[in-house]
Amino acid sequence: MPLPVPVLPEGVDPAWLPPAAFRAVGSGRTLIRGSGPLVETVHGEVAEACRRFGGRVVRDAEPEGGAYDLVLDLGVHDLGDEDFTLARQGGTTAVTASGGRGLLYGLFHVVRLGEAAFTGERERERHHPALALRMLDHWDNVAVHPVMGQVERGYAGGSLFWEDGRARGDLERVRAYGRLLAACGINAVAVNNVNVHETEAHLLTDRIGEVAAIAEALQPYGIRTHLSVSFAAPVLLGGLPTADPLDEGVRGWWAEATGAVYEAIPDFGGYVVKADSEGQPGPFAYGRSHADGANLLAAALEPYGGTVHWRAFVYDHCQDWRDRGTDRARAAYDHFVPLDGAFADNAVLQVKHGPIDFQVREPVSPLIGAMPGTRLAVELQVTQEYTGQQRHVCWLGPMWSEVLRFPAEQGSSVGELTRGGLIAVSNAGDDPFWTGHPLAQANLYTFGRLAWRPDAEPGEVLDEWIGLTFGPGPEAGLHAVFDGSWRTYEKYTAPLGVGFMVQPGHHYGPSVDGYEYSPWGTYHFADRDGIGVDRSVATGTGYAGQYAKPWAELYESPDTCPDELLLFFHHVSYGHTLHSGKTVIQHIYDTHFEGVAEVEEARELWASLAGLVDPVRHTRVAERYEEQLRSAREWRDQINSYFFRKSGVPDERGRRVHP
Ligand code: GCU
């Protein structure tokens, strides 16, 4: 039986799957061959498109020459489960696959191509995801947290999964979410926050049925469900006296609990663990290593083919700001590199792309490439915690692409080294536009597509998203609105890779010294002469030495360090001349004035698209541009004044800097 396409609740934006995107598929004759649950999903999709556009769909007939415009055939056996081929000959477009997911991805590929899939001839192309795991981590709490709310660092309303303290009763929207994710290639989701609070800890045991209901809603679109668990679960839930990973009772407890999880969710993906990180429990309490901790859970998951994602975000969050010898950037490498080779095969070390915390500009984490004996997954942040919180347009495709293409190790890019998959913190919630800012949908889509092909051209992915979401008309203007938005955001916020300078706690808006005398290890050390963190080996914290060649040498000296990372690696004077020829102080003034001017231009450009974009969406974005502009001006004025007051050096162009 074809599975009906999920029905969006009234007023919810169809995002990149508006009915019009299915016009080409739905106006022809389609033959579907094969069996299995995902084939029914594919059938449901095509049937719905045909209902709308007048086409016809047939099951399991012989593909007679020329009788069909599209054949979706699960009959071939030489492809991976997620692969598909596409060809067009004699008026028939043919997708073949060996697995249901492959067939579904093939269908969505045809949808993306639209008319182009049904014209001319096409040689057989094989499509294969570069990364097997393409996963979103939801930082969703079941119970509303008194400080963090329901979705930690969420800017798109409440959780898609949890409502009123339990799993939603009506999961139709979760099905629709799964559909959107599949259409950009995402195949796994962790349904709760990495900070596992008391209520959420119970999802693992007595509340696993709720997780199972969500998993069931996501399965028809090929999405596996994962769960964040507390390392202290044996104590919290099992009443054991210890959570020591080498204790037999603890191992037995995890084995049993995991067996019950798989009984409830046979295709369960595995656990996500934030241990010994920002107050979460972990193996250090028992004098054990993080390999001991990860392997405990890996052993419990192994009989069922599950994976533990063990986060490498381990650092001292109670640092004394007076201590300039401790460097948070060093921490992950120092903790984990000595453990290389000690992790089980089904343990994946999940590493944030930069060494600090999802800033608008960071170097690539030196851990990536330094652990050849460990399966590593890179974590990105789609939710815009530090990049405008979905009130600012900041399309992160170019940043992620730079990270993924970075040649971390001789001959290998980050995209190639992230063998354990690509993971991102989700930006979606129950907001009618899914992502709060309608244009933040582009970040979610781009993440999925880059996880499928890390070397894809981000601009092409953007155009794909624009085409699907908006249809013909506003493409050029929209592309321009997004294109430079990440660099614009960088310009009006913290300069030259120094990071932070945000309001403590919620992290929105400027506060230059907000974290300067805090325990969090995120300092800029500005004084009257200069600014930046000396992370060189020669005179600083030694962090630059954690890189492989040539990066270690390049970052070691201010003469060779790239401008955009200068203050991340070095403490320099305000008069220091950058490679660009400008002094640091003049660069700060110029970029802050430019950044605001660019927001003003983008806002105008958006206004000019009024007739070309659906009015509800247009209005929401226009409102957010007002806030972006207000905030960008605030950033500009606070940063410029701060550095003028510290340095006493005026803007050489005489613009208004508040004294
Ligand atoms: C950031 C973020 C936290 C989050 C943490 C993490 O520090 O502000 O809310 O818990 O990252 O990645 O674990």
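All residue numbers in this chain count up from 1 along the given sequence. Start at 1 and go down the list; that is how both ligands and their atoms are numbered.
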Mind jotting down which protein residues get a heavy-atom contact under 4.0 Å with ligand 1? Chain and number order, please. W139, E152, R153, V194, N195, K274, E278, R311, F313, K352, D357, E385, Y386, H507
Donor-acceptor pair between Q628 and Y492 side chains, under 3.5 angstrom: yes
Under a 4.0 Å N-O cut-off, is there an ion pair linking R166 with D164? no
With a 6.0 Å cut-off (strictly less than), is the heavy-atom count around CG of D345, excluding the residue itself, greater than 12? no
Please tell me whether F500 and Y386 form a close aromatic pair, meaning their ring centres lie under 6.0 Å apart. yes
Which residues pass the side-chain contact (heavy atoms from CB on, under 4.5 Å) test with V151, not counting sequence neighbours? D140, S159
Side-chain contact, heavy-atom cut-off 4.5 Å: E152 with H145? no
